[in-house]
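The sequence lines fix the lettering, A, B, ..., with proteins before strands; numbering per chain opens at 1.
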Amino acid sequence: MTKDYEKKWQKRWAEEKAFKTREDGEKSYLLIEFPYPSGNGLHVGHTRPYTAMDVIARKRRMQGQSVLFPMGWDAFGLPTENTAIAKRIHPSVVTRDNVELFRKQSDALGYSFDWDREVNTTDPGYYKWTQWIFLKLFENGLAYKARMPVNWCTSCLCVLANEEVVDGVCERCGSAVVRREKSQWMLKITAYAQRLIDDLDMVDFNDRVKAQQRNWIGRSEGAEADFATTAGDILRVYTTRPDTLFGATYMVISPEHPFIEKWKEKLENYREIDDYRAGAARKSDFERTELAKDKTGVMLSGVCAVNPVTGKEIPVFVSDYVLMSYGTGAIMAVPGHDTRDWEFAKKFNLPIVEVVAGGNIDEAAFLDTESGKMVNSGFLDGLEVGEAKKKITAWLVEKGLGEAKVNYKLRDWVFSRQRYWGEPIPIIHCEKCGAVPVPYEELPLTLPMVDSYEPTESGESPLSKMREWVEVKCPKCGGAAERETDTMPQWAGSSWYFLRYTDCNNDRELASREAIEKWMPVDWYNGGMEHTTLHLLYSRFWHKFLYDIGVVPMPEPYKKRTSHGMILGEGGEKMSKSRGNVVDPGDIVAEYGADTMRLYIMFIGDFEKAAAWASQAVKGCRRFVEKVWALSEKAKATLNVSPATEVLLHKTIKKVTEDIEQLKFNTAIAQLMTLTNELGAGGATKGDLYVLLRLLSPFAPHTAEELWEKLGFKELCCKQKWPEYDPRKVIDSEVEIAVQVNGKLRASIVLPLDSGDGDVIKAALGDARVAQYLAGKTPDRTIVVRNKIVNLVIKP
RNA sequence: GCCGGUGUGGUGGAAUGGCAGACACGCGCGACUCAAAAUCGCGAGGGAAACCGUGGGGGUUCGAGUCCCUUCACCGGCACCA
């Protein structure tokens with residue numbers, strides 16, 4: 001036996017267009033995250049989700065469904081640009097070569113993508129529509145340019161979205177991220193915060209994904225409240241604990257709070273405050289989050305605030321534990337019932353007042369909102385915390401001092417990048433008219449060819465050097481104007497690509513309404529957990545926007561989302577070049593064949609959990625392929641199935657059919673192995689293989705085709721009808737019944753299926769071993785579970 | 001701190017509340033071989049045995065890896081977010 005037949009079948013599938021999307025059956029849109037085509041080629045981490053969805057696609061096709069299983073390339077991005085710079089070739093050439101490499105590797109693994117629907121985000125015919133969506137966002141006030149402190153990656157030399165900063169460093173390259181004041185394009189994802197939470201209820205995503213998205217959006221309910229100050233200005237705060245208002249003994253404002261400048265003349269210690277503010281500004285994100293354990297701050301002298309319920313004057317501090325970017329940038333501090341405020345109060349010797357009974361505020365802030373009642377709180381005394389919240393909020397509203405308020409941690413999406421290899425942002429800046437959209441008929445606004453696309457320290461996009469491209473007439477007034485030179489982030493093209501697959505060559509619309517209605521929403525989307533708060537959130541946002549402007553008829557793009565576990569290196573370490581434990585799927589294909597690779601990556605363990613690669617174990621799957629091969633070579637000519645294994649055969653059809661849909665590929669393969677082993681012992685017939693090969697074909701399609709042909713069956717195996725089991729034949733005629741005495745297994749008896757309780761008990765009592773344990777006594781109670789177990793209970 | 005998840009042989013992992021360890025790797029023994037590899041066959045949770053065994057402790061049940069309470073450990077997400 002050889003594995004040389006794999007190429008032959010890959011060719012046949014392509015020639016016969018075996019995987020062309022059909023339109024006639026029940027639609028099934030199966031999606032995997034399209035890859036970024038890096039120069040390293042497909043790695044083993046790709047093969048897990050790809051093979052899994054390929055198995056499902058192949059199986060559903062055989063079941064007669066119209067499967068849309070497409071593939072494309074998320075090809076804009078920094079690594080390509082960096083390779084292009086290093087090798088002095090244009091990024092588009094690098095992209096083309098890499099795509100070709102990926103495509104070849106993908107075919108070598110036998111994936112059944114419909115290549116007629118291939119998309120590439122760097123294709124102007126594609127990004128025309130990415131730009132179109134951007135203009136629509138702009139038109140609807142959801143894209144705006146703002147000058148603000150942003151995350152700047154010191155190595156990529158461009159800004160990053162909040163979602164791209166992990167533990168204070170760049171999620172892509174791991175370099176330090178610092179704050180820079182820059183003018184940036186922003187997308188108002190915050191306008192969709194509530195709907196992004198609410199609509200999670202209508203989709204089938206796994207709990208981890210839903211929880212992570214909710215965490216990231218970070219909704220909290222509370223109230224805003226106004227505090228009068230001796231400076232005359234009203235200082236508004238946001239709090240989730242308005243019930244503790246009587247316990248607010250001081251206030252804290254963020255170092256960036258505008259009142260500091262406003263109050264400059266009144267502040268006796270302005271210099272000290274300014275120094276503190278400067279120190280806070282110098283801190284990187286990393287320092288601000290990691291090192292800020294010990295509370296620091298400065299009290300404002302010359303200005304103080306008034307607690308609106310107690311009427312007492314309370315001091316105001318500036319401290320960097322209060323963030324300008326959340327709430328109002330100012331808080332009321334309730335040291336009795338907030339850990340941070342408690343620490344701060346202890347350090348600065350501020351009064352700590354108990355307003356919810358039940359804790360010991362000398363020791364720690366009391367945070368429980370369930371058990372205690374309000375104390376020292378005037379008209380709130382005696383109330384439960386929940387009631388107190390309602391009452392005080394109503395009071396604030398009545399007095400015109402505040403209102404109920406919901407806040408989100410989610411920030412708007414920083415959408416511009418100072419790099420070359422991305423979609424140009426189709427905006428023209430005019431002195432007179434401001435930001436003017438490039439007219440729709442001029443889309444796509446293509447990337448100009450440039451001599452050098454190196455990023456700059458100054459944060460200017462490489463495009464800004466292309467003066468003849470940059471300098472244009474304003475489309476509105478005709479005056480001199482300049483193009484926006486920043487490009488879009490990599491997440492732009494991937495935020496809507498699943499729509500393009502439905503109608504990938506359309507040059508009048510991003511996809512026709514008809515195609516969208518036929519195929520959307522995506523029935524099943526599998527992808528990595530690392531994209532939960534990036535691509536998955538962004539694309540849900542864009543889709544909701546497209547829904548609002550009537551481009552798509554459904555508010556959620558994905559019906560079901562699952563995530564595969566990571567493939568770790570041998571020994572459980574993360575795979576990395578530096579550790580030298582990277583597995584190249586191409587090597588496995590070369591050594592064992594694609595079918596073995598596919599089987600192993602599916603057999604490796606629970607699909608949703610991380611699994612360590614074990615090169616030793618690969619050969620087990622290879623042996624399995626060889627066993628099936630041997631079975632087929634010795635097969636008896638009859639088309640009848642072997643009577644001895646008929647029940648097992650039907651059980652296998654049932655289990656494989658069900659397990660595939662539940663991502664339980666490992667147990668589906670185990671069942672196929674069991675059947676193969678049993679058939680090997682008794683000798684298989686052509687009829688047995690007629691079933692087995694079809695069940696095997698989603699996992700090991702090449703072997704299935706080859707043996708299918710050798711046995712003389714006509715047409716491609718992958719085009720056959722999926723086997724169905726006979727419910728009457730998945731049942732054994734005899735069953736083994738376990739006998740327990742007092743819940744402990746003591747014997748096992750074989751009886752006809754569905755024996756009556758009386759017969760079961762009689763047989764159990766007749767067993768010698770059971771008799772020994774009963775020691776002559778009669779059971780006080782017997783429990784019979786039909787066809788499974790009998791438990792004889794005797795009192796001690 | 002909050003949220004989510006996971007703990008089962010030497011290893012990856014199976015088990016609608018009903019015989020724990022399917023299937024596979026690795027291992028041991030045997031066959032074939034001058035020998036080894038490959039292949040085939042057999043064996044195995046631990047323990048001499050009674051028995052004990054699904055991170056620990058309680059509980060529900062005739063019966064718990066599975067359900068409930070509690071506790072520990074590890075992984076992931078969020079986090080001076082008021």
Side-chain angles (χ1 to χ4, degrees), chain A residues 166 206-220 222 237-242 244 248 251-252 254 288-290 292-296 319-323 325-334 337-341 343-344 367 407-411 529-530 532-533 565-566 571-572 599-600 603-606 608-621 623-624 626-627 630 664 666-677 680 736-748 779-794:
Chain A
V166 177
N206 70 36
D207 291 341
R208 272 198 303 169
V209 171
K210 288 191 183 187
Q212 274 186 38
Q213 289 209 346
R214 287 201 184 98
N215 269 343
W216 183 259
I217 297 169
R219 180 194 154 96
S220 74
V237 300
Y238 172 70
T239 176
T240 54
R241 295 294 305 277
T244 60
M251 300 186 80
V252 186
S254 149
R288 244 176 131 142
T289 54
E290 287 304 302
K293 299 295 177 208
D294 198 26
K295 296 281 176 293
T296 58
S319 172
D320 63 4
Y321 83 89
V322 172
L323 311 174
S325 55
Y326 186 76
T328 61
I331 62 158
M332 65 178 209
V334 184
H337 305 279
D338 181 281
T339 310
R340 296 150 303 180
D341 298 347
E343 284 169 13
F344 192 88
L367 306 173
N407 258 320
Y408 303 92
K409 288 188 228 171
L410 186 69
R411 301 271 75 90
M529 280 307 292
E530 70 276 15
T532 301
T533 55
M566 215 192 298
L599 282 164
Y600 177 63
F603 190 61
I604 195 166
D606 185 331
E608 302 191 81
K609 283 194 218 148
W613 184 268
S615 44
Q616 275 289 355
V618 178
K619 65 173 73 134
C621 290
R623 282 181 194 148
F624 169 54
E626 281 163 4
K627 279 183 192 172
K664 290 164 78 175
N666 52 342
T667 51
I669 293 170
Q671 182 73 23
L672 289 168
M673 286 172 168
T674 305
L675 176 65
T676 302
N677 291 343
E736 206 182 340
I737 292 173
V739 184
Q740 294 182 336
V741 177
N742 285 345
K744 283 198 199 307
L745 178 72
R746 295 306 185 194
S748 172
D780 299 290
R781 200 177 154 190
T782 54
I783 294 103
V784 179
V785 180
R786 181 152 286 217
N787 298 327
K788 287 234 163 102
I789 202 164
V790 53
N791 191 5
L792 309 173
V793 184
I794 43 175

Does A/P779 offer a backbone N or O that forms a donor-acceptor pair with the side chain of A/R781 under 3.5 Å? no
Please list, chain by chain and in numerical order, all residues satisfying salt bridge (Lys or Arg N to Asp or Glu O under 4.0 Å) with A/R219, sequence neighbours excluded. A/E221
Suppose we define a pair by two distances each less than 3.5 Å, Watson-Crick or G-U wobble; what does B/rA44 pair with here? none
In whole Å, what is the span from the CE atom of A/M529 to the P atom of B/rC75? 17 Å
Can you measure A/W216 atom CH2 to B/rC78 atom C1' for me and round it to whole angstrom units? 8 Å
Protein-nucleotides 36-42 of chain B N/O pairs closer than 3.5 Å?
| from | atom 1 | to | atom 2 | distance (Å) |
| --- | --- | --- | --- | --- |
| B/rU39 | OP1 | A/R623 | NE | 3.2 |

I need the CD-C1' distance between A/Q616 and B/rC27, as an integer number of Å. 11 Å
What pairs with A/Q213 under side-chain hydrogen bond (donor to acceptor under 3.5 Å, both in side chains), at least two apart in sequence or on another chain? A/R540
Choosing from B/rA82, B/rC19, B/rC52, which nucleotide comes nearest the side chain of A/L323? B/rA82
Which atom pairs link the protein and nucleotides 12-17 of chain B when you take only N or O atoms and keep those under 3.5 Å?
| from | atom 1 | to | atom 2 | distance (Å) |
| --- | --- | --- | --- | --- |
| B/rG12 | O2' | A/I604 | O | 2.5 |
| B/rG13 | O3' | A/N666 | ND2 | 3.3 |
| B/rA14 | OP1 | A/N666 | ND2 | 3.1 |
| B/rA15 | OP1 | A/K664 | NZ | 3.1 |
| B/rU16 | O4 | A/K788 | NZ | 2.8 |

State which residues pass side-chain hydrogen bond (donor to acceptor under 3.5 Å, both in side chains) with A/N407; sequence neighbours excluded, sorted by chain then number. none
Counterpart residues, salt bridge (Lys or Arg N to Asp or Glu O under 4.0 Å), relative to A/K619 (two or more places apart): none
Could I get the full list of ring pair (Phe, Tyr, Trp, His ring centres under 6.0 Å) partners for A/W216, not counting sequence neighbours? none
Name all residues meeting the salt bridge (Lys or Arg N to Asp or Glu O under 4.0 Å) criterion together with A/R623; count only those two or more places apart in sequence or in a different chain, and write none if there are none. none
Does a side-chain N or O of A/N677 approach OP1 or OP2 of B/rA24 to a distance below 4.0 Å, or not? yes
Residues two or more places apart in sequence or in another chain: which of them pass side-chain hydrogen bond (donor to acceptor under 3.5 Å, both in side chains) with A/Y600? none
For B/rG13, glycosidic torsion class - syn if within 90° of 0, otherwise anti: anti
Please figure out whether A/Y238 or A/R208 has its closest RNA chain B nucleotide nearer the 5' end. A/R208
Would you say the side chains of A/Y321 and A/T296 form a donor-acceptor pair under 3.5 Å? no
When you match A/K744 and A/E736 each to their closest nucleotide on RNA chain B, which lands nearer the 5' end? A/E736
For B/rA37, which nucleotide in any strand shown is its Watson-Crick or wobble partner with both distances under 3.5 Å? none
Which protein N or O atoms sit under 3.5 Å from an N or O of nucleotides 59-62 of chain B?
| from | atom 1 | to | atom 2 | distance (Å) |
| --- | --- | --- | --- | --- |
| B/rC62 | OP1 | A/R781 | NH1 | 2.9 |
| B/rC62 | O2' | A/N791 | ND2 | 3.0 |
| B/rC62 | O2 | A/N791 | ND2 | 2.6 |

Once side-chain hydrogen bond (donor to acceptor under 3.5 Å, both in side chains) is applied, do any residues pair with A/K609, and if so which ones, sequence neighbours excluded? none
Using purine N1 to pyrimidine N3 plus N6-O4 or O6-N4 for Watson-Crick, or N1-O2 and O6-N3 for G-U wobble, each under 3.5 Å, what pairs with B/rG1? B/rC78
Length of the line joining A/Y326:OH and B/rA82:P, which is rounded to integer Å: 4 Å
Is there a side-chain polar atom (N or O) of A/Q212 under 4.0 Å from OP1 or OP2 of B/rG4? no
Any residue meeting salt bridge (Lys or Arg N to Asp or Glu O under 4.0 Å) with A/D341, in chain and number order, not counting sequence neighbours: none
Measure from NZ on A/K409 to C1' on B/rC3 and round the result to the nearest Å. 10 Å
